[in-house]
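Lettering of chains follows the sequences in order, A, B, ..., and the numbering in each one begins at 1.
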There are 2 protein chains.
Amino acid sequence: MKRITIYDVAKEADVSLATVSRVINDSNVVREDTRIRVQEAIEKLGYKPNAIAQGLALSKTTTISIVMSEKLFSYNSKILNGLMDVAKIYNYNIMLHTTSKGISKMQDVIESIVKSRVDGVILFNDNFSEEELEVLHLYQIPMVVVGSKIEDKKDGNVGNVYIDFEKLAYEFVNSYFEKGITDISLVEDKLNLSMMHQLRQGVEKAYQEKGMKFEKYITYDDTYRSSYDFLTEYFETTKPSELVITFRDSQAIAFINACHEAGIKVPEETQVVAILDDKYLRMVRPTISSFNFPDYDMGAIAMRLLTKMLVNDEAVKENKDIEIGYTYIQRQTTRLD
Amino acid sequence: MKRITIYDVAKEADVSLATVSRVINDSNVVREDTRIRVQEAIEKLGYKPNAIAQGLALSKTTTISIVMSEKLFSYNSKILNGLMDVAKIYNYNIMLHTTSKGISKMQDVIESIVKSRVDGVILFNDNFSEEELEVLHLYQIPMVVVGSKIEDKKDGNVGNVYIDFEKLAYEFVNSYFEKGITDISLVEDKLNLSMMHQLRQGVEKAYQEKGMKFEKYITYDDTYRSSYDFLTEYFETTKPSELVITFRDSQAIAFINACHEAGIKVPEETQVVAILDDKYLRMVRPTISSFNFPDYDMGAIAMRLLTKMLVNDEAVKENKDIEIGYTYIQRQTTRLD
DNA sequence: TTGTAAGCGTTATCAC
DNA sequence: GTGATAACGCTTACAA
């Protein structure tokens with residue numbers, strides 16, 4: 001069956017295609033009775049405008065690319081929900097690109113983004129490099145980076161919706177210094193090294209200011225199937241610090257399990273906090289302290305920012321950097337005093 | 001800066017645009033030295049073919065739509081990974097559509113799918129209706145439904161990659177009958193009613209064959225923030241069945257927590273199994289039994305099936321239904337005897 | 001082997 | 001108000 005086009009509708013309604021185009025675009029210069037006639041023809045034929053042809057004619061695809069690491073998919077689902085919802089509101093389509101070790105390098109993703117002529121892109125701040133950003137910049141595609149802070153940003157059409165992990169770590173560690181606790185471990189999460197880097201910076205800064213040196217950045221190689229496996233093993237033989245900071249829920253859960261099995265009492269002998277909150281943290285026993293970020297809102301804000309950049313909103317020219325706040329959630333694995 | 005087109009390349013290389021088109025499409029009729037000349041021009045100008053224009057010219061967008069419920073995002077991440085990876089291999093772009101209660105109804109999603117002129121669609125078998133499927137069918141968009149079995153399928157270009165949840169439930173319940181256990185509860189998960197329906201069918205069938213009636217389908221209304229909250233409360237006051245089957249990890253975890261707090265021993269007094277496996281099931285204590293499905297593979301298989309349908313592979317004409325197997329994973333919440 | 005020109009389905013600029 | 005017609009950027013017969 002032949003795909004029906006604007007011509008078919010024009011013929012059916014006995015008008016020119018220009019008129020049909022006018023009614024589907026709500027141009028108000030068309031007379032009421034012909035509008036109705038055209039509408040009926042559209043209805044009758046089941047006509048849907050071809051977005052591809054529109055895209056070509058308008059040099060505008062009304063689609064936005066989202067790129068994120070495949071591994072981070074389930075963790076970022078809330079942010080994605082926020083992104084999708086406001087994209088929907090503004091009638092943007094979403095093109096999804098994932099990066100993963102073997103199959104799709106950032107280079108390919110950029111290639112297909114450029115070819116697709118999307119109007120803008122949302123980039124999760126994971127594992128892309130300076131040069132890769134540069135390419136997107138070269139093609140002048142408006143974008144906003146969401147997640148953590150990007151440094152050394154070329155001024156141009158790139159926005160940033162971020163959490164200041166450095167500040168978070170700095171302040172949190174300082175609050176423990178005040179309790180007299182200085183033996184602190186930070187456990188690396190390989191899935192998001194850029195955020196880990198910022199956390200580490202914050203911790204180191206806090207130590208430095210006290211004239212101490214931070215030395216317990218716990219890292220491990222890829223021989224472990226997961227950070228969970230590593231931690232389970234690691235803490236069975238290594239005496240844990242007074243405070244252990246992990247990035248993800250799974251790491252914290254692994255840690256408390258290992259403690260339990262080794263007979264170490266949490267939070268009496270060691271306290272633990274996961275940076276990223278997740279529902280599982282309150283499902284396990286003891287419940288695990290963490291930080292709450294407004295994930296959904298971050299996504300929504302990021303997408304809103306991008307749409308504003310796309311219509312060249314003046315208000316957005318000034319301020320394309322939005323810092324997102326967070327709150328500490330005290331649960332059973334940390335002590336208040 | 002003006003977007004550079006095939007004309008610019010043609011001029012730069014001093015050939016016609018047809019020739020440029022030939023080299024970017026690997027047409028082998030072009031002489032080696034002119035190919036090189038064109039390649040150099042492309043390189044020099046940083047030319048990337050406009051996929052929109054290509055789409056229009058070819059009536060083929062090389063993009064595939066994926067539609068799934070927003071709520072199910074994090075749960076389906078593995079399947080999505082599989083889908084994305086093979087889409088990447090076949091050079092398809094992915095358009096992502098989510099459905100959610102308030103904002104985007106299936107109707108709108110279909111509308112934008114049709115307008116986008118995507119080549120095919122992957123549909124997660126959640127909450128769409130017969131008529132909605134019908135619309136897609138009307139526009140002759142090839143699609144494959146992934147997740148559970150669709151019934152009463154119009155023969156045409158729709159495939160199905162599925163798990164037979166009815167069979168799973170039927171066989172599992174029967175295995176417990178053999179152990180002499182007949183007091184069994186099935187806990188509803190509102191996020192995926194189509195799968196729940198199939199599970200329930202299987203359980204009921206097993207009961208029926210034994211001349212019994214299945215009565216413990218545990219459901220609850222939306223006043224609860226989550227199934228977790230409900231279960232925690234429910235099982236604090238209600239004596240649990242000998243075997244409790246939940247759909248998701250969070251429900252099973254809620255249940256064992258409630259048991260723990262109520263002093264009920266698992267698996268001695270009540271056994272629990274979650275249908276969908278997830279890493280958290282082996283992180284909690286006791287570890288929770290479940291079924292393992294090859295999520296990633298399901299995604300990969302579904303996408304591969306779709307791509308075959310798109311090239312009109314003869315081999316696929318016959319068999320567009322692929323059943324996916326599963327294995328039972330015995331952990332600490334169930335007993336072997 | 002290469003070039004010319006029609007066509008893909010729209011929108012937008014003109015006239016009328 | 002409405003209708004021709006030229007873009008938009010590419011592919012692909014058909015000619016040369």
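- Evaluation of atom-type donor-acceptor distances gives no pair under 3.5 Å for the side chain of R117(A) against the base of dG9(D).
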* To do: Determine, step by step, whether Y75(A) and N192(A) satisfy the side chain to side chain donor-acceptor pair (under 3.5 Å) criterion, reporting the C-alpha distance in whole Å, the side-chain angles of both residues, the deciding distance to 0.1 Å, and the verdict.
  => CA-CA 11 Å; Y75(A) 291 110; N192(A) 207 318; over 6 Å; no
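- Atom pair I52(A):CD1 and dC8(D):C1' shows a separation of 13 Å (rounding to whole Å applied).
- Distances from the side chain of V29(B) to the nucleotides dT1(C), dA12(C), dT10(C) place dT1(C) closest.
- The 12-atom threshold is not exceeded at NZ of K44(B), counting heavy atoms of other residues, nucleotides or ligands nearer than 6.0 Å.
- Among the nucleotides dT10(C), dT2(C), dT12(D), the one closest to the side chain of Y7(A) is dT10(C).
- Regarding K60(A), its NZ atom lies at a distance of 13 Å from the P atom of dT11(C), rounded to whole Å.
- Between the CZ atom of R37(A) and the C1' atom of dT2(D) there is a distance of 11 Å, rounded to whole Å.
- The phosphate of dT2(D) (OP1 or OP2) has a side-chain N or O of R31(A) nearer than 4.0 angstrom.
- Summary of the strand contacts: S59(B) and V15(B) both lie near DNA chain C, and taking for each the nucleotide with the nearest heavy atom, the more 5' one is attributed to V15(B).
- Note: CG (L58(A)) to P (dC8(C)) measures 19 Å, nearest angstrom.
- Remark: P of dC8(D) and CD of Q54(A) are 18 Å apart, rounded to the nearest angstrom.
- Checking dG3(C), dG9(D), dA12(C) against every side-chain atom of L56(A), the shortest atom distance belongs to dG9(D).
- If you take CG of D26(B) and C1' of dT12(D), they are 16 Å apart, rounded to a whole angstrom.
- Counting any heavy atom pair closer than 4.0 Å across all strands shown, L17(A) reaches a base atom.
- At dC8(C), none of the side-chain N or O atoms of N50(A) fall inside 4.0 Å of OP1 or OP2 (strictly under the cut-off).
- With rounding to whole Å, K115(B) atom NZ is found 11 Å from dT11(C) atom P.
- At the heavy-atom level, T5(B) lies under 4.0 Å from the strands shown only through sugar-phosphate atoms.
- Between D14(A) and R37(A), none of the side-chain N atoms (NZ, or NE/NH1/NH2) sits under 4.0 Å from a carboxylate O, so this pair counts as no salt bridge.
- At distances below 3.5 Å, at least one donor-acceptor pair connects side-chain atoms of N160(B) with backbone N or O atoms of V145(B).
- Comparing atom distances between the V30(B) side chain and each of dT2(C), dT12(D), dT10(C) picks out dT2(C) as nearest.
- The pair D108(B)-K105(B) meets the salt-bridge criterion, with a side-chain N (NZ, NE, NH1 or NH2) lying under 4.0 Å from an Asp/Glu carboxylate O.
- For T19(A), a side-chain nitrogen or oxygen approaches OP1 or OP2 of dG3(D) to under 4.0 Å.
- Comparing I6(A) and R35(B) along DNA chain C, the residue whose closest nucleotide (by nearest heavy atom) sits nearer the 5' end is R35(B).
- The CG atom of N25(B) sits 17 Å away from the P atom of dT1(C) (whole-angstrom rounding).
- A sub-4.0 Å separation between OP1 or OP2 of dC10(D) and a side-chain N or O of Y47(B) is present.
- Distance from the side chain of A57(B) is smallest for dC8(C) among the nucleotides dT11(C), dT4(C), dC8(C).
- With dT11(C), dG9(C), dG3(C) as the choices, the nucleotide that has an atom nearest any side-chain atom of I24(A) turns out to be dT11(C).
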* Full working for side-chain contact (heavy atoms from CB on, under 4.5 Å) between I163(A) and S148(A) -> CA-CA 5 Å; I163(A) 288 157; S148(A) 56; over 6 Å; no
